[in-house]
Engineer: 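Encoded as structure tokens, here's the structure I'll be asking about.
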Amino acid sequence: VQLQASGGGLVQPGGSMTLSCAASGFTFASDSYVIGWFRQAPGKAREGVSCIHSNDERMNYADSVKGRFTASRDKAKNTVYLQMNHLKPEDTAVYSCATLRGFHCTPYYSDYDWTTWGQGTQVTVSS
């Protein structure tokens with residue numbers, strides 16, 4: 001199982017950006033995996049941002065991003081996305097995706113023992 005994250009960069013405050021996390025080694029349509037998005041800003045602990053399951057509709061979001069970020073998936077492409085709107089400077093961080101087999105997306109996803117991580121992608125929100 002491998003994950004490939006992409007889509008980071010520089011965006012102005014109030015702008016939008018979409019991150020992608022392409023998965024290989026399992027199939028969204030038939031396998032049960034939870035995929036989580038995390039971020040870590042310099043000097044801060046890693047924070048769970050969102051989670052989504054490979055084939056059910058449950059999703060969860062950190063309070064800090066609710067109403068601004070939306071997770072989605074494309075089963076045909078085995079890819080999950082994180083659409084980030086109304087970005088703020090405090091959203092600046094390295095964003096990573098991770099996956100775990102057999103778990104569902106619950107409010108406790110940040111406490112899971114995530115087994116597979118994609119490389120991080122830098123998101124910088126600045127004018």
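Both backbone and side-chain heavy atoms feed into the values below; hydrogens, waters and symmetry mates do not. Computed from a prediction, not measured in an experiment: that's the story for all the values here.
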Engineer: For Thr27 and Ala29, indicate whether the former's side chain and the latter's backbone hold a donor-acceptor pair under 3.5 Å.
Structural biologist: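 Checked: no pair found.
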Engineer: Checking one residue: Met59. Which other hydrophobic residues are in its cluster under the side-chain 4.5 Å linking rule?
Structural biologist: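 Besides Met59, the cluster holds Val1, Val11, Met17, Leu19, Phe26, Phe28, Tyr33, Ile35, Trp37, Val49, Ile52, Tyr61, Val65, Phe69, Val80, Leu82, Met84, Leu87, Tyr95, Val123, Val125.
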Engineer: Please find the pair of heavy atoms, one from Tyr109 and one from Ser50, that lie closest to each other, and give the distance.
Structural biologist: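 For Tyr109 versus Ser50, the nearest heavy atoms are OH-N, 3.1 Å.
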Engineer: Please check: side-chain N/O of Asn78 versus main-chain N/O of Ala22, any donor-acceptor pairing under 3.5 Å?
Structural biologist: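 No: the side chain of Asn78 does not pair with the backbone of Ala22.
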Engineer: Which atoms form the tightest heavy-atom contact between Gly48 and Ala62, and what is the distance?
Structural biologist: O-CB, 3.3 Å
Engineer: Within a strict 4.5 Å, meaning less than it, do heavy atoms of the Arg68 and His86 side chains meet?
Structural biologist: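 Of all side-chain heavy-atom pairs linking His86 with Arg68, at least one is under 4.5 Å.
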Engineer: For the residue pair Glu47 / Ser64, report whether a side-chain donor-acceptor contact shorter than 3.5 Å exists.
Structural biologist: yes
Engineer: Is there a path from Tyr112 to Leu3 through hydrophobic residues (I, L, V, M, F, W, Y) whose side chains come within less than 4.5 Å of each other?
Structural biologist: no
Engineer: Could you check whether Gln83 and Thr18, counting side-chain N and O atoms only, form a donor-acceptor pair closer than 3.5 Å?
Structural biologist: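 On atom types as modelled, these side chains qualify, holding a pair under 3.5 Å.
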Engineer: Please enumerate all residues that pass side-chain contact (heavy atoms from CB on, under 4.5 Å) together with Thr115, with sequence neighbours excluded.
Structural biologist: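 Per chain and number, Thr115 pairs via side-chain contact (heavy atoms from CB on, under 4.5 Å) with Leu100.
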Engineer: Angle between ring planes, Trp114 versus Phe38, binned at 30° and 60°: parallel, tilted or perpendicular?
Structural biologist: perpendicular
Engineer: When rounded to the nearest 0.5 angstrom, what distance separates NE2 in His104 from CG in Asn60?
Structural biologist: 13.0 Å
Engineer: Tell me whether the count of non-hydrogen atoms from other residues, nucleotides or ligands lying under 6.0 Å of CD in Gln2 goes above 12.
Structural biologist: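 Atom CD in Gln2 is not packed in, count stays at 12 or less.
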Engineer: Would you compute the distance between atom OG of Ser126 and atom CD of Gln12 and round it to the nearest 0.5 angstrom?
Structural biologist: 8.5 Å
Engineer: Quick one: OG1 on Thr99 to NE2 on His53, what's the gap to the nearest 0.5 Å?
Structural biologist: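 That separation rounds to 8.5 Å.
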Engineer: What are the two closest heavy atoms between Asn85 and Ser16, and how far apart are they?
Structural biologist: OD1-OG, 2.9 Å
Engineer: Can you see which heavy atom on Ser127 is nearest to which on Pro13, and at what distance?
Structural biologist: N-CD, 3.6 Å
Engineer: What's the separation between atom OG in Ser6 and atom CD in Gln119, rounded to the nearest 0.5 Å?
Structural biologist: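 The distance works out to 7.5 Å.
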Engineer: Before accepting this row, confirm whether a basic side-chain N of the pair Asp91/Lys88 lies closer than 4.0 Å to the acidic partner's carboxylate O.
Structural biologist: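 Result for this pair is no, no salt bridge flagged.
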Engineer: Which atom names give the shortest non-hydrogen contact between Thr92 and Ala41, and what distance separates them?
Structural biologist: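 So the two residues come closest at O-CB, 3.6 Å.
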Engineer: Does Lys75 have more than 12 heavy atoms from other residues, nucleotides or ligands lying within 6.0 Å of its NZ?
Structural biologist: yes
Engineer: Quick one: does any side-chain atom of Thr121 pair with a main-chain N or O of Ala5 as donor and acceptor, under 3.5 Å?
Structural biologist: no
Engineer: Taking the side chain as every heavy atom from C-beta outward, state whether Leu10 and Gln122 have any pair of such atoms under 4.5 Å apart.
Structural biologist: no
